[in-house]
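Just below is one structure, and these are the notes that go with it.
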Protein chains: 2
Amino acid sequence: MTARRSTRQRDVIARVLQDAPGPLGVTEVHACAQAELPRLGIATVYRTLKLLTEERRIHPVLLDGETLYETVGRGHHHHFSCTRCGRVFTLHTCPVTLPSSAVYPGGFVVEAHEVTLYGQCPECAARKTGAH
Amino acid sequence: MTARRSTRQRDVIARVLQDAPGPLGVTEVHACAQAELPRLGIATVYRTLKLLTEERRIHPVLLDGETLYETVGRGHHHHFSCTRCGRVFTLHTCPVTLPSSAVYPGGFVVEAHEVTLYGQCPECAARKTGAH
DNA sequence: ATAAATGCAAAGGTTTTGCAAGCAG
DNA sequence: CTGCTTGCAAAACCTTTGCATTTAT
């Protein structure tokens, strides 16, 4: 019943996300993919992102007021959002002390958690404070 | 140069957020405020929220794909988003182990962090699994 | 060949802006 | 009085949809 086809557009979009160092926004995905497919329309990007999400190959992250997408299967991780350049990176160290299934004071049953760290990425930090 | 005026609209909107148990979305703020100011326009809500944010009296939280606003000055805290009823609560216990100004592997300089816990709120948890 | 997928353009929502009228100072 | 604020409506944005054409199978 579901006859999903493999197309050049889908392959390119999936690869763009695979190769990214962190989650990307719709516009970024579009721009990166257009390097290979100049006629790629934004509607296809939206449709493909939705499709890949349904297939559980990528998943959306809400960060900085934007919906970003990243590939799944990179294990438990969190994000670092650079307050200077705005890029988002993936971190593999988890700073949260939470026994899974912890119950918080008040009776809140925790099933999952999401952490975002804000600050300066290595590149921006190297440029020193005040420098532009 | 900045001649900021005190108006009924601004007072009401600020109070709505003060009295809320957790962050509210634009529509919620509008609805609550309209209880007192029936002719309040949505544009004024947007403008006032931006204003209060610039004044650092409130600040935006990005949760569940929506931008919510909460008053500042409630100390360091995080949020709990109930996966059953969708309400967002404020938690005053921080599960993050982060010496302030920590530098993460790779050279990421952490200035702040945001944590969201997902699970069941006390009320929903009491209703037992499966119950509706 | 056949039907899914694409690109374009139009439609839907949400947030922002322009402007005359309404108020705070 | 003066000019910041407001409410309304139009504009700007972002995301989704409709449809003829292209393309994978």
Side-chain angles (χ1 to χ4, degrees), chain A residues 1-18 20 23-70 81 86-88, chain B residues 1-18 20 23-70 86 88:
Chain A
M1 61 191 81
T2 324
R4 202 139 283 173
R5 289 179 186 177
S6 157
T7 67
R8 188 145 167 59
Q9 286 84 336
R10 290 179 185 174
D11 294 344
V12 171
I13 289 171
R15 185 150 37 73
V16 162
L17 286 164
Q18 280 294 341
L24 302 178
V26 176
T27 307
E28 291 169 302
V29 171
H30 188 215
C32 291
Q34 277 196 320
E36 273 187 71
L37 303 166
R39 307 198 61 71
L40 179 67
I42 192 74
T44 299
V45 175
Y46 278 106
R47 284 190 279 234
T48 303
L49 291 175
K50 175 179 284 186
L51 192 82
L52 293 172
T53 301
E54 282 165 7
E55 289 176 343
R56 307 272 174 170
R57 292 182 54 198
I58 65 174
H59 96 123
V61 188
L62 289 146
L63 221 49
D64 296 320
E66 237 198 323
T67 303
L68 309 179
Y69 294 85
E70 67 184 359
S81 174
R87 283 184 298 171
V88 175
Chain B
M1 60 191 79
T2 324
R4 202 139 280 173
R5 289 179 186 177
S6 157
T7 67
R8 188 146 168 57
Q9 287 82 338
R10 290 179 186 175
D11 293 345
V12 172
I13 290 171
R15 184 149 39 73
V16 162
L17 287 165
Q18 279 294 342
L24 301 178
V26 176
T27 307
E28 291 170 302
V29 172
H30 188 214
C32 292
Q34 278 196 321
E36 274 187 72
L37 304 166
R39 307 198 62 70
L40 179 66
I42 191 74
T44 299
V45 175
Y46 277 107
R47 283 190 280 234
T48 303
L49 290 174
K50 174 179 285 187
L51 193 82
L52 293 172
T53 301
E54 282 166 6
E55 290 176 342
R56 307 272 175 170
R57 293 181 54 198
I58 65 174
H59 97 122
V61 188
L62 290 145
L63 222 48
D64 297 319
E66 236 198 323
T67 303
L68 309 179
Y69 294 85
E70 66 184 0
V88 174

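Order of the sequence lines fixes the chain letters, A, B, ..., with proteins taken first and strands second; residue numbering starts at 1 for each chain.
- Partners of B:Thr48 according to the side-chain hydrogen bond (donor to acceptor under 3.5 Å, both in side chains) rule, which considers only residues two or more places apart in sequence or in another chain, do not exist here.
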- Query: Are A:Leu49 and A:Leu17 close enough, and set up right, to give a side chain to side chain contact (heavy atoms under 4.5 Å, CB included), and what steps lead you there?
  - Reply: CA-CA 10 Å; A:Leu49 291 175; A:Leu17 286 164; 3.8 Å; yes
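- Residues satisfying the side-chain contact (heavy atoms from CB on, under 4.5 Å) test with B:Thr53, not counting sequence neighbours, are B:Ile58, B:Pro60, B:Tyr69.
- Between the C1' atom of C:dG7 and the OH atom of A:Tyr46 lies a distance of 15 Å, rounded to the nearest Å.
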- Would you mind building the protein contact string for nucleotides 5-11 of chain D? One character per nucleotide, 5' to 3', B for base within reach (heavy atoms under 4.0 Å), S for sugar-phosphate only, - for untouched. SBBB---
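- Counting heavy atoms from C-beta on, the side chains of B:Val26 and B:Thr67 never come closer than 4.5 Å.
- The side-chain contact (heavy atoms from CB on, under 4.5 Å) search around A:Arg87 returns A:Cys85, A:Phe89, A:Cys121, A:Glu123, not counting sequence neighbours.
- Between the CD atom of B:Glu66 and the C1' atom of D:dT15 there is a distance of 16 Å, given to the nearest Å.
- DNA chain C is contacted by no residue of residues 26-36 of chain B, taking any non-hydrogen atom closer than 4.0 Å.
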Please tabulate, for the side chains in residues 28-37 of chain A, all donor-acceptor contacts under 3.5 angstrom to protein atoms that are two or more places apart in sequence or on a different chain.
from: A:Glu28; atom 1: OE1; to: A:Gly25; atom 2: N; distance (Å): 2.6
from: A:His30; atom 1: NE2; to: A:Gln34; atom 2: NE2; distance (Å): 3.2
from: A:His30; atom 1: NE2; to: A:Leu40; atom 2: O; distance (Å): 2.9
from: A:Gln34; atom 1: NE2; to: A:Pro38; atom 2: O; distance (Å): 3.4
from: A:Gln34; atom 1: NE2; to: A:Leu40; atom 2: O; distance (Å): 3.1
from: A:Glu36; atom 1: OE1; to: A:Arg15; atom 2: NH2; distance (Å): 3.4
from: A:Glu36; atom 1: OE2; to: A:Arg15; atom 2: NH1; distance (Å): 3.1

Show me, pair by pair, the donor-acceptor contacts under 3.5 angstrom made by side chains of residues 7-14 of chain A, not counting sequence neighbours?
from: A:Thr7; atom 1: OG1; to: A:Arg10; atom 2: N; distance (Å): 3.2
from: A:Arg10; atom 1: NH1; to: A:Arg5; atom 2: O; distance (Å): 3.1

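- Listed by first then second residue, pairs satisfying salt bridge (Lys or Arg N to Asp or Glu O under 4.0 Å) with a partner in residues 42-55 of chain A read A:Arg4-A:Glu55, A:Glu55-A:Arg57, not counting sequence neighbours.
- Rounded to an integer number of Å, the gap from A:Leu49 CG to C:dT6 P is 12 Å.
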